[in-house]
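Values below: every heavy atom of this structure, side chains too, minus hydrogens, waters and symmetry copies.
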Amino acid sequence: MKRLSSIALALALSATTMAATEGNVFKVDNPDYKLSPYTGMTRQHWIAADKYLLEGAFSHIRSLDDPMYFERLGKVCYPKDSSRVRGATLEGMCRTLFLAAPLLREDSTLTINGIRLADYYRRQLSLLVDPQSKQYVTHRGKRGPCQDLVEFGALGISFFVCGDVLWDPLPKATRDSLYSMIESYADGPTIQQNWRFFNVYPMSFFKSKGYEVNDSLLVKYVRQLIGDYRGDGWYLDKPNYDYYSMWAYQLYGRLWSLFFGREHYPELAAQFDRNFTEMYRSYPRMFGRDGHMPMWGRSNMYRFASIAPLAWGEGADMGWMRRIASGCLLQFLQNPDFIYSDGVPTPGFYGLFDPVLQGYSCRGSVYWCAKAFLPLMLPESHPYWSATESEGFWAGTKAGDVDNLWLPGPKMLVTNYGGSGASETRAFCDYDTERRGAEKFRGSEQYNRLAYNTLFPWMADGKQGEVAMAYVVKNQQGQWEPLRRYTTTGFDGKTLRRTVWLQSDRRFTMALRDTPLADGTLRTDSVTAIGTPTTLRLGHYALPERGTPIRETTFNLPGGQKAYAISNGTHSLAFVAIKGWGKVEFVRTEGLHPETRFAETINATAEVSAPTELKSLMLFKAGDFTQQEISDALKKTVGMH
């Protein structure tokens, strides 16, 4: 356990791009393939997975007074100095409590690594209001919205889950002090997005316990949250659509309704409930046949928090929901890079990966993923746990099928591929990264890719123009600039249409047309206006290099066309430059991929000085491509557009 007194040493440590690991992966002991024919995971296995993560966190705890602080890794996360250590400690405590809360609800005597959890968290709560403690949190005063508010929102949820274990046994003086301190944050300013829930939850919990709260502000924030709904199951977490619509708006709104809203504000609760029901039409389709999630949007270090809302509906196919949830959980818990050598999940997607991180996160932030375990509140007899796993939508698909689901509210297109079992999401991105105070990650690879696929996590852009599933343009400063200022203009049942302009030079514009095919996409794009001659590059997805080098193949096709294909032994990608392109090349990269040190993609380059049509075929599959497969796919595009 690293004490606060030795944190200066911890802050001095840095890490390489990919995390070291001891191969500490979760094992599904005695899988039940009768109840769960695809994953073997039952409620008991989920409890085991919860304890597996708790054991890693509590390997850092030796006494009830020890702070839940974990060493910083990488170059992005905080704290970069000692000034924010207390905040990182609060995150570690509040977020690991998401793991503990549903288990404590069932067993208040639960002990992990010799520490009785109920005693530990009650002690940590008391230290928050002890002026002599390093964990002490002052009243808000004149501070604006801050990270402490976020964690108090998390505490509010956990208090609803197991308040009889954590809150009720505290001395009245401690409860009153916690109320006074936390309410000073809840009854205050917030950020006009999902953050309003962090005000709502503490106020709601305290009101349920008979404390005085600002009712008018509580109702105001709830109405504003509901006002962010855009239809088809999606809320706009200004300014982006991403997983916050699900692991924040939908989950928090539904739980607020169940915990508090239906009793105190039934009209508002009913609106959250209606919006939640609509989620099931689209959101489960974003996961692959195997339950894997696409790497998309900010805070991807929360990983399987993406599945957190699936259990809480009524009338949904709960066998499919649990199949998705268990598949997504195992996507990470069985990846050897997920748990670092200190027992704590790495900040990244699989292993440590700085390009996916934001500066508002610390090492303990990863435990936001623990919201996925809140369904352990539900009894074993609940359909989420008792229904037989099913494939839901996927059960009716076969090789060659491509099914598009257009969501006009958020202007998103979800495509499911029967052959590969992949799901692909094309989402909104239009963010000004040059404005004052811009959060540049909102226009980065996390949002600006042409598509996000459950089989192929995005690769970061390289300084030499290396790119995957996006366009980059050589700007007037000589830098490769990704396109990010998109407008989605519509979907006609087969083709998604978008326009885009270059952030640094609005004179450069393109029209984009994506036509999903069986395991691939026909791109019929065009440069529609240009100020000065330039070079642009288009990348296919990227493949991680596993053990042996990526195999590169070129095929000569009928009509003088050439196909470029790469394979890593598991999946293959193929690219055909149909019209307007110059050089096509295989591009090997280092340190840009979230799965492995080395990766490879296929890039096409075009020199443009006037409006130009750019047409390409991009394919993917399990196993290796044959010349005939690519030729047949190309023939099917004849006459399109």
Verify whether the ring centers belonging to [X] and [Y] lie closer than 6.0 Å.
X: Phe456; Y: Tyr452; value: no
X: Trp256; Y: Phe259; value: no
X: Phe58; Y: Tyr120; value: yes
X: Phe332; Y: Tyr350; value: yes
X: Phe206; Y: Trp167; value: yes
X: Phe276; Y: Trp312; value: no
X: His60; Y: Phe70; value: yes

Looking only at heavy atoms, which two atoms of [X] and [Y] are closest? And how far apart?
X: Leu218; Y: Phe260; value: CD2-CE2, 4.3 Å
X: Ala186; Y: Leu217; value: O-CD2, 4.1 Å
X: Gly153; Y: Tyr201; value: O-CB, 3.8 Å
X: Gln192; Y: Lys238; value: O-CD, 3.8 Å
X: Asn199; Y: Pro189; value: ND2-O, 3.6 Å

Does a side chain donor of either [X] or [Y] reach within less than 3.5 Å of an acceptor in the other side chain?
X: Tyr417; Y: Thr397; answer: no
X: Arg254; Y: Gln250; answer: no
X: Gln271; Y: Glu267; answer: no
X: Asn448; Y: Tyr431; answer: no
X: Ser365; Y: Glu91; answer: yes
X: Ser282; Y: Asp232; answer: no
X: Ser444; Y: Gln446; answer: yes
X: Thr39; Y: Glu389; answer: yes

Between [X] and [Y], is there a side-chain N and carboxylate O pair less than 4.0 Å apart?
X: Asp354; Y: Lys75; result: no
X: Arg262; Y: Asp273; result: yes
X: Asp290; Y: Arg323; result: no
X: Asp317; Y: Arg322; result: no
X: Arg281; Y: Glu278; result: no
X: Arg363; Y: Asp342; result: yes
X: Arg289; Y: Glu391; result: yes

Under the 3.5 angstrom rule, does the side chain of [X] hit a backbone N or O of [Y] as a donor-acceptor pair?
X: Lys371; Y: Trp247; answer: yes
X: Thr89; Y: Val85; answer: yes
X: Ser108; Y: Leu104; answer: no
X: Trp46; Y: Trp385; answer: no
X: Ser158; Y: Leu155; answer: no
X: Glu424; Y: Val414; answer: no
X: Ser204; Y: Val200; answer: yes

- request: Take Asp461 and Arg449 through the test salt bridge (charged side-chain N to carboxylate O under 4.0 Å, His left out) and record every step on the way to the result.
  value: CA-CA 10 Å; Asp461 294 341; Arg449 304 294 86 170; 2.9 Å; yes
Salt bridge (charged side-chain N to carboxylate O under 4.0 Å, His left out) between Arg43 and Glu106, intermediate numbers included: CA-CA 13 Å; Arg43 187 175 185 272; Glu106 198 164 285; 2.6 Å; yes
field: CZ/Arg143: more than 12 non-hydrogen atoms of other groups inside 6.0 Å
entry: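 Yes.
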- request: May I ask you to check whether over 12 heavy atoms, not counting those of Lys440, lie within 6.0 Å of atom NZ?
  value: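 Atom NZ in Lys440 is packed in, count exceeds 12.
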field: Side chains of Phe338 and Arg303 in contact at under 4.5 Å (non-hydrogen atoms)
entry: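 Sidechains of Arg303 and Phe338: in contact.
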message: Just so I know, are the side chains of Phe373 and Ile47 near enough to count as touching, which here means a heavy-atom distance under 4.5 Å?
response: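 With C-beta onward as the side chain, the pair stays apart.
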- prompt: Can Arg140 and Asp187 be said to form a salt bridge (charged side-chain N to carboxylate O under 4.0 Å, His left out), step by step?
  reply: CA-CA 10 Å; Arg140 180 177 63 83; Asp187 183 8; over 6 Å; no
Gap between atom [atom2] of [Y] and atom [atom1] of [X] - 0.5 Å precision:
X: Met68; Y: Gln135; atom1: CE; atom2: CD; value: 10.5 Å
X: Leu125; Y: Cys94; atom1: CG; atom2: SG; value: 7.5 Å
X: Asp107; Y: Leu103; atom1: CG; atom2: CG; value: 8.5 Å
X: Ile226; Y: Arg196; atom1: CD1; atom2: CZ; value: 10.5 Å

Taking the cut-offs as 6.0 angstrom to the six-membered ring centre and 45 degrees off its axis, would you call [X] and [Y] a cation-pi pair?
X: Arg298; Y: Tyr244; value: yes
X: Arg285; Y: Phe393; value: yes
X: Arg95; Y: Trp368; value: yes
X: Arg84; Y: Tyr78; value: yes

field: Audit row: Asp148, Arg86, salt bridge (charged side-chain N to carboxylate O under 4.0 Å, His left out) steps and yes/no
entry: CA-CA 10 Å; Asp148 291 341; Arg86 198 273 300 155; 2.9 Å; yes
message: Pair Leu352, Tyr340 - check side-chain contact (heavy atoms from CB on, under 4.5 Å), show working.
response: CA-CA 9 Å; Leu352 174 63; Tyr340 196 66; 6.0 Å; no
- request: Might you work through the side-chain hydrogen bond (donor to acceptor under 3.5 Å, both in side chains) test for Asn416 and Ser423, ending with a clear yes or no?
  value: CA-CA 5 Å; Asn416 304 108; Ser423 289; 2.8 Å; yes
- request: Let me see the working for Tyr235 and Asn275 under side-chain hydrogen bond (donor to acceptor under 3.5 Å, both in side chains), right down to the final yes or no.
  value: CA-CA 9 Å; Tyr235 291 82; Asn275 297 346; 3.0 Å; yes
message: Please determine whether side-chain hydrogen bond (donor to acceptor under 3.5 Å, both in side chains) holds for the pair Tyr360 and Ser299, giving the CA-CA distance in whole Å, both sets of side-chain angles, and the decisive distance to 0.1 Å.
response: CA-CA 9 Å; Tyr360 55 72; Ser299 298; 2.5 Å; yes
task: Fit a plane to each ring of Phe428 and Tyr241, take the angle between them on a 0 to 90° scale, and name the class: parallel (under 30°), tilted (30 to 60°) or perpendicular (over 60°).
output: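 Phe428 and Tyr241: perpendicular rings.
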message: Would you call the rings of Tyr252 and Phe198 parallel, tilted or perpendicular, taking 30° and 60° as the class edges?
response: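 The arrangement is perpendicular - the two ring planes meet at more than 60°.
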